[in-house]
Amino acid sequence: MGRYILNRLLLMIPTLIIISFIIFVIIQLPPGDYLESYISELESQGESIDHHQIEMLRQQYGLDEPFLMQYWTWATGMLVGDFGYSFEYGLPVTDVVGDRLFLTTVISIFTIAFTWMIAFPIGMYSATHQYSWGDYGLTFLGFLGLATPNFLLALVMLYFANVTFGTSIGGLMDPEYVNQAWSWDKLKSVLEHLWIPVVVIGTSGTAAMIRRLRANLLDELHKPYVVTGRAKGVPPFKLLVKYPLRTALNFFIADIGNMLPSIISGAEIVAVVLSLPTTGPILIAALQSQDMYLAGSFLMFLAILTVVGVLVSDLALALLDPRIRLQGGSR
Amino acid sequence: MKQPPALLEIRNLAVEFQMHGTPITAVKDLSLTLRAGTTLALVGESGSGKTVTSQAILGILPRSARISAGEILFTPPGEETVDIAQLHPDQPAMRALRGDQISIIFQEPMVSLSSMHTIGNQIMEAMLLHRDCSKQEAREATIEMLRLVGFPEPQKAIKRYPFELSGGLRQRAMIAMALICRPALLIADEPTTALDVTVQAQILKLIKSLQQEFNMAVLLITHDLGVVANMADDVVVMYHGEVMERGPAKALFEAPRHPYLKALFSAVPHFDMRAGERLTPIREIEHDIDHFRRLRTPWTEEQMTAGPHLQVSQLSKSFSAHSGSWFGGGEVHHHLAVQDVSLEIGCGECFGLVGESGCGKTTLSKMLMRAVQPDSGKLLYNDRGRMIDLLKLEGEELRAFRPKMRIVFQDPFSSLNPRMTVLNILVEPMQIHQVGDAASQLQRARELMALVGLDPRYLNRYPHSFSGGQRQRISIARALALDPELLIFDEPVSALDVSVQAQILNLLKDLQHELGLTYLFISHNLAVVDYIADRIGVMCRGQLVEVGRREQIFRNPQHPYTKALLAAVPYPDLSRPLDFELLESGRHNVPELWPDPYCAPSDGDLELIEIEPDHQVRRQPIEQLERSLMS
């Protein structure tokens, strides 16, 4: 086990190096750099520009250096925790992203839990009652969730939360707690606001997951080993959970690796609508203004999350499925 | 005195399936009586309603099926009679019977056991459900039961997963699971059909001895009359959901009355067939060979004498596997799948290759097809008088050679692409090898259909609308599409019913004679090989242990492994029961346990030695044997 994990961890190094290079190339692809877009913005506003100062900035940030040198500085900096400097915010990247990273993670975890909690019972019901009215009804609701644009749902929910519960519009906490140290009241306020993004982001995922669980379970339900269990006199619900559901789970565990980054990056537009203090809106802004170190570090963060997520799901699969655990090495 | 009621009495049972809104009767007017401690065999082809009957008794019918009439009266010892037909399948009273008083063994132990749970967990489950006992007690009972069914190390076996066990052990685990609650009635649904003959004999013996121990009634569902002869007290023969004939086994085997049962008997190949005797399938197929005979030029004398059609010398292949879990580290094992195999297949001959699963037959056939690259050895092929070295062929040369040698696989269900029509399937090889234009390919496909006795109008159908036997005929037609000279059959009839098996075997025989083909016929069924092959090779653990003409192998077997294989074949004849004592569990295929001179000595090797013309046996050379006796 230890050896396997070590192998996988070592393999992550070249993977991440390659990803970081590709990210850097892509960020540098659009013509110009942050300073140029900054200048053109100033010019369009009719302000005068001190070319001398610009030149100094350019030297300071190494923007006139060759491409590979810039990459080298950025990549080696990341190793020691220096993710570069955000031009837009005038702060080190770590300071810009820090708190938001934490809140993003919280929302993601709650969203995954929410999705599973809703999707599993409905998926199980749909599969065992295939083609019944209940199945059709729940499927319809699921598709409705899938088809409704997230930002629209977000706006609707914001309105109702405000009207019904008096929750403040937008954000993840009441305004007075922003930039405050963490306290019990602040936590309560966060929890109060949390459910809206969780439900909004979760709804679309839930519908897809119900369909996948239903399809997976239907494949397994009539396998001979389930009949064997039935012939032993196992009660229906226990039979369902112990045999077919257990086998159908593999799929979801394997999906964790993809789910983490897709939830985080997929929720950007919702985050903008809900003005959540998460990382999504920053990424969009950074990409627009060519704030290269911020955008690059952010994408790197997603890449790391993906690679780690895949590792976690692989390990969980091995723990859950003896076939993988005991036969994985044979060729 | 009133006679106590029978354990199971089925009266006028009828089962219906709802298919697209119309009811289809799967079983009609079935009655049978089964007494405690006896065995009743339910015999019939697939689709005859045997399995549906067993599902009705257990209350595990598929959702689309229901019992439409009749009674299933079940009287467990010392308890009241229940009519299972009246119980709802998911009712607690029915659930309490399932797995406790009535249990079942299925055909495929691999798919019938969950590979996510240890066998201990699965065996224990029924006991924990039906008996008021602790986990510890259930665990002990499981270990005891595993010992009873012949697991060498029951304490360890309890933690094993099904995929870690061999087919025979899996079926033993299945039996342990069925018997853990000591049921009054055991339903065995084709319990040995998926197993090798030798393993089959062991499992049958096991069921018999456990039956005596528990005084259990067995409802044996099978299509194999040989198994019936060895196991059953009473027999019920079913055809299309109806009972054709019933009675004590003795009466039925001595004087089968119903034409269907008689036909069933004459469709099974057996060892006492006269040379040239033909099987009579229940439904004979007509095939049209004319087009093909015109196309083929027979081999000339000169071409035939240039060498054997296929000469295999010293062919070896080893596979490496990582042992243990992938958490445990990476010890690499080399497993010799095929070891120094040499054989010759003459022109126009049918060579039968026999052995248990895992003996390397299939690997050998794949190497001959150049699908797997051998580690060492030589393959010489007689291409109409020109000997070519197959292993030297590469690229375009190999592609050009491929039409000459084709293969037919075992499973007609998975070897045909379900998304292609029969026409596409038959035309594909011709397209790949650019034979003719579209019109001539279509014409050829029609002729191929006629050749295997199928209506050319079916060309636009998909494989799923054909039965197993028909699909196997499509596979054969596909193999013949490119006018091959040599055909390899890898267990072509193992997945088929006896009646269909006879059809296919006759077709293969006819095609061989009429088209002058050479066959390599791989099978684990000795009776089938006996029927079709001219010469036979017996394989064990990757090596040929005995080679000879058909009658030499069957009348005068020398090697202990050959003898064991022959002894394990159940005869559909009551006067020749299996000698269970002779078949000690799993000893026959361990080379170290073979007696002298078949066991390799520490200082020498075994060789294939000719003991009479054409008949070779792997043993110690005489000089070597003498040397070891002297010292």
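The analysis underlying the following values was restricted to heavy atoms, covering all of them including side chains, and did not include hydrogens, waters or symmetry mates. Below, chains carry the letters A, B, ... as their sequence lines are ordered, and counting in each starts from 1.
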Salt bridge or not for [X] and [Y], using N-O below 4.0 Å?
{"X": "A:Glu220", "Y": "A:Arg246", "value": "no"}
{"X": "B:Glu125", "Y": "A:Lys242", "value": "yes"}
{"X": "A:Arg8", "Y": "A:Asp314", "value": "yes"}
{"X": "A:Asp135", "Y": "A:Arg214", "value": "yes"}

Do the non-hydrogen side-chain atoms of B:Leu165 and B:Arg172 ever get within less than 4.5 Å of each other?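 SC-SC contact between B:Leu165 and B:Arg172 ruled out.
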Shorter than 4.5 Å, heavy atoms on both sides: which option in [options] has the most such pairs with chain A?
{"options": "B:Asp100, B:Ile60, B:Leu97", "answer": "B:Ile60"}
{"options": "B:Gly59, B:Ala126, B:Ser112", "answer": "B:Ser112"}
{"options": "B:Gln55, B:Arg63, B:Arg95", "answer": "B:Arg95"}
{"options": "B:Gln122, B:His117, B:His130", "answer": "B:His117"}

In terms of heavy-atom proximity below 4.5 Å to chain A, should [X] be classed as side chain, backbone, both, or neither?
{"X": "B:Ser103", "result": "neither"}
{"X": "B:Pro89", "result": "side chain"}
{"X": "B:Met94", "result": "neither"}
{"X": "B:Asn121", "result": "both"}
{"X": "B:Met110", "result": "neither"}

Under 3.5 Å, is there a donor-acceptor pair linking the side chains of A:Ser20 and A:Tyr71?
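Per modelled atom types, A:Ser20 and A:Tyr71 side chains form a pair under 3.5 Å.
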Using heavy-atom distances under 4.5 Å, tell me whether A:Val226 contacts chain B through its side chain, its backbone, both, or neither.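 Contact with chain B: none, neither part.
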- prompt: So what's closer than 4.5 Å to chain B heavy atoms on A:Lys238: side chain, backbone, both or neither?
  reply: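 Contact with chain B involves the side chain of A:Lys238 alone.
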Review point. Atom CD1 of B:Ile158 and atom CZ of B:Arg139: how far apart are they, to the nearest 0.5 Å?
Key: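 The CZ atom of B:Arg139 is 4.5 Å from CD1 of B:Ile158, to the nearest 0.5 Å.
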message = Surrounding NZ of B:Lys317 (heavy atoms of other residues, nucleotides or ligands, distance under 6.0 Å), is the total greater than 12?
response =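 Counting neighbours around NZ of B:Lys317, more than 12 heavy atoms of other residues, nucleotides or ligands fall under 6.0 Å, so yes.
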